[in-house]
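To start, I am sharing the structure in question, which I have written as structure tokens.
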2 protein chains.
Amino acid sequence: MSSLPPSRLRARKAVLPSSAVPDGTRRRILEAALQLFASRGFHGASIRDLATALELRPSALYAHFPSKEHVLAELVRMGHEAHHEGLRAALLGAGSEPTEQLRALVRAHTLLHANHPQLAVVVNEEIHVLPPELAAPALALREQSSALLLAVIERGRAQGVFSVPHAVVTAAAISTMGLRLPYWYEPTPALDVDTLAELHVELALRLLGVQGRP
Amino acid sequence: MSSLPPSRLRARKAVLPSSAVPDGTRRRILEAALQLFASRGFHGASIRDLATALELRPSALYAHFPSKEHVLAELVRMGHEAHHEGLRAALLGAGSEPTEQLRALVRAHTLLHANHPQLAVVVNEEIHVLPPELAAPALALREQSSALLLAVIERGRAQGVFSVPHAVVTAAAISTMGLRLPYWYEPTPALDVDTLAELHVELALRLLGVQGRP
DNA sequence: CCTTGCGAAACGAACGTTCGTTCAGATAAC
DNA sequence: GTTATCTGAACGAACGTTCGTTTCGCAAGG
């Protein structure tokens, strides 16, 4: 009934979504840490593991980050920022109709999680190890992103285009389709990311009780 | 767009699903470990933390388990066993119609995850730290459970009662509704576990394109 | 053209702490 | 008096982190 994890993303190379981080050692550290934290967890990956992956000595890392926790905090921050920005942009590009807005949201949400599975895993599983002051900004963004979807659903319901028995549970179901992607999905020619995104759009509309579909 | 974690299940007391474990220190260890592993992760919770929670000295644990890893392995094994047994029993209790079988599967799946959130989290997040020989039996059970759902969907599709654009993606969506529950759901009078299970049944049927519903 | 000086980056070694685990002996129950 | 359980002390290993030193690219000065 559940979906099987390939081997927790050990294989694929980690890619940062944001181009805001300039090339250089700092970026290399973030990418290697992303890969390690995603595959072994924050506590399961040591500073020495990270240094080895980078062909550096452990002490060299401290010229770029004040602590191991701050590396994670930066990844978590970037992940939430990219996610929220992606959703916001998608919503802006859609029209005013709830159905189109929902299509845009689900498409963006799915593409982000399918294209950056490691970041999704780290953001969602390891944010708990951060002290509250480092986690707070990310949690605030998360709340905002969640509200975006719920607002679209409520508006569609008010207009009579959506019919849902329970908005919050339905929103959770839609959001979850994307969130769990890193644990089972791998792009193949038979099921590429764009096809997957359209499938999720279709499924989300079904959950919202939208009848006529192209 | 995502759902916010309360504080990773720190609050609630952990409950083992299986009555197969007799009362006694061994059971107390498993329950305390379940709570700790769920809230801090396997690597984030030390043997000393576990011993403190049990008001024991660390060395006392080794009279009951050969290693920390074996405690986790036992939890993972129990979790997968309870899950698979729950699904199997649900299917047996349902008739031969795919719709009824699906109702039963989703209901059981949701109830298990809603009633045992800590076990769900540990089983799904920490299985990766186990060496392959300890994880293999659980992974085999997981594959079987996953196949149960897919088989029902395929049968329903063959009979014309379900209409899905992509069986695997749809199965993943259904399964995922339950899997993510521990991260956002908490039972309240307004939304108790049985109501939630019925909502998930309704949503799953929508995903499968079932039209007429009571 | 060569030398000098400088700042950033990485090294090498070590720190104090915590980790999982072991084991001989005390304790309690039947 | 045997058996099951727990204690107290200790083990080596691994942890995150610090710090003084070394390396290196490059611009300025003679």
Side-chain angles (χ1 to χ4, degrees), chain A residues 16 21-77 122 125-135, chain B residues 20-77 122 125-135:
Chain A
L16 293 180
V21 183
D23 283 7
T25 307
R26 184 183 162 91
R27 179 174 196 121
R28 285 184 60 233
I29 293 176
L30 286 172
E31 286 176 339
L34 178 54
Q35 162 128 298
L36 277 175
F37 292 168
S39 68
R40 302 189 212 167
F42 178 77
H43 284 123
S46 73
I47 286 283
R48 284 168 177 83
D49 294 334
L50 183 52
T52 301
L54 290 161
E55 298 188 273
L56 285 177
R57 258 28 71 190
S59 52
L61 305 179
Y62 289 85
H64 304 273
F65 290 93
S67 78
K68 186 188 175 192
E69 249 179 15
H70 281 81
V71 179
L72 174 62
E74 178 63 9
L75 288 174
V76 167
R77 194 198 59 78
V122 168
E125 290 197 12
E126 310 293 349
I127 191 176
H128 312 278
V129 323
L130 291 179
E133 70 269 18
L134 284 180
Chain B
V21 183
D23 284 5
T25 307
R26 184 183 162 90
R27 179 175 196 122
R28 286 184 60 231
I29 293 176
L30 285 172
E31 286 176 339
L34 178 54
Q35 162 128 296
L36 277 174
F37 292 169
S39 68
R40 301 189 213 167
F42 178 76
H43 283 123
S46 73
I47 285 282
R48 284 169 178 80
D49 294 335
L50 184 52
T52 300
L54 291 161
E55 298 188 271
L56 284 177
R57 261 26 75 190
S59 51
L61 304 178
Y62 289 84
H64 304 273
F65 291 93
S67 79
K68 186 190 175 191
E69 248 180 16
H70 280 81
V71 178
L72 173 62
E74 178 64 9
L75 288 174
V76 167
R77 195 198 56 79
V122 168
E125 291 196 11
E126 311 293 347
I127 191 175
H128 312 277
V129 323
L130 291 179
E133 69 269 21
L134 284 181

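In the text below, chain A, chain B and the rest are named by the order of the sequence lines, each starting its count at 1.
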Subject >> Atom CD of Glu55(B): over 12 foreign heavy atoms under 6.0 Å >> reply: no
Original post:
Is a side-chain N or O of Lys68(B) found less than 3.5 angstrom from the main chain of His43(B), in a donor-acceptor match?
Top reply: no
Original post:
First and last nucleotide of DNA chain C in contact with chain A, 5' to 3', at under 4.0 Å to a heavy atom: what are they?
Top reply: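 Listing 5' to 3', DNA chain C meets chain A from dA10(C) to dA14(C).
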Original post:
Any Lys/Arg nitrogen of Glu31(B) or Arg28(B) sitting under 4.0 Å from an Asp/Glu carboxylate oxygen of the other?
Top reply: no
What N/O pairs connect the protein and nucleotides 7-10 of chain D at under 3.5 Å? Give each pair on its own line.
unit_1 : atom_1 : unit_2   : atom_2 : d
dT7(D) : OP1    : Arg57(B) : NE     : 3.4
dT7(D) : OP1    : Arg57(B) : NH2    : 3.0
dT7(D) : OP2    : Arg57(B) : N      : 2.8
dG8(D) : O6     : Ser59(B) : OG     : 2.6

Subject >> Distance-only donor-acceptor check, side chains Asp49(B) and Ser46(B), under 3.5 Å >> reply: yes
Subject >> Tyr62(B) side chain near Ile47(B) side chain, heavy-atom distance below 4.5 Å >> reply: yes
**OP:** Determine whether Val76(B) and Glu126(B) make a side-chain contact, defined as any pair of heavy atoms from C-beta on separated by less than 4.5 Å.
**Re:**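 No, every pair of side-chain atoms sits at 4.5 Å or beyond.
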Original post:
Can you check whether Val71(A) reaches Leu61(A) side chain to side chain, under 4.5 Å on heavy atoms?
Top reply: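 A side-chain contact is absent here, since even the closest heavy-atom pair is not under 4.5 Å.
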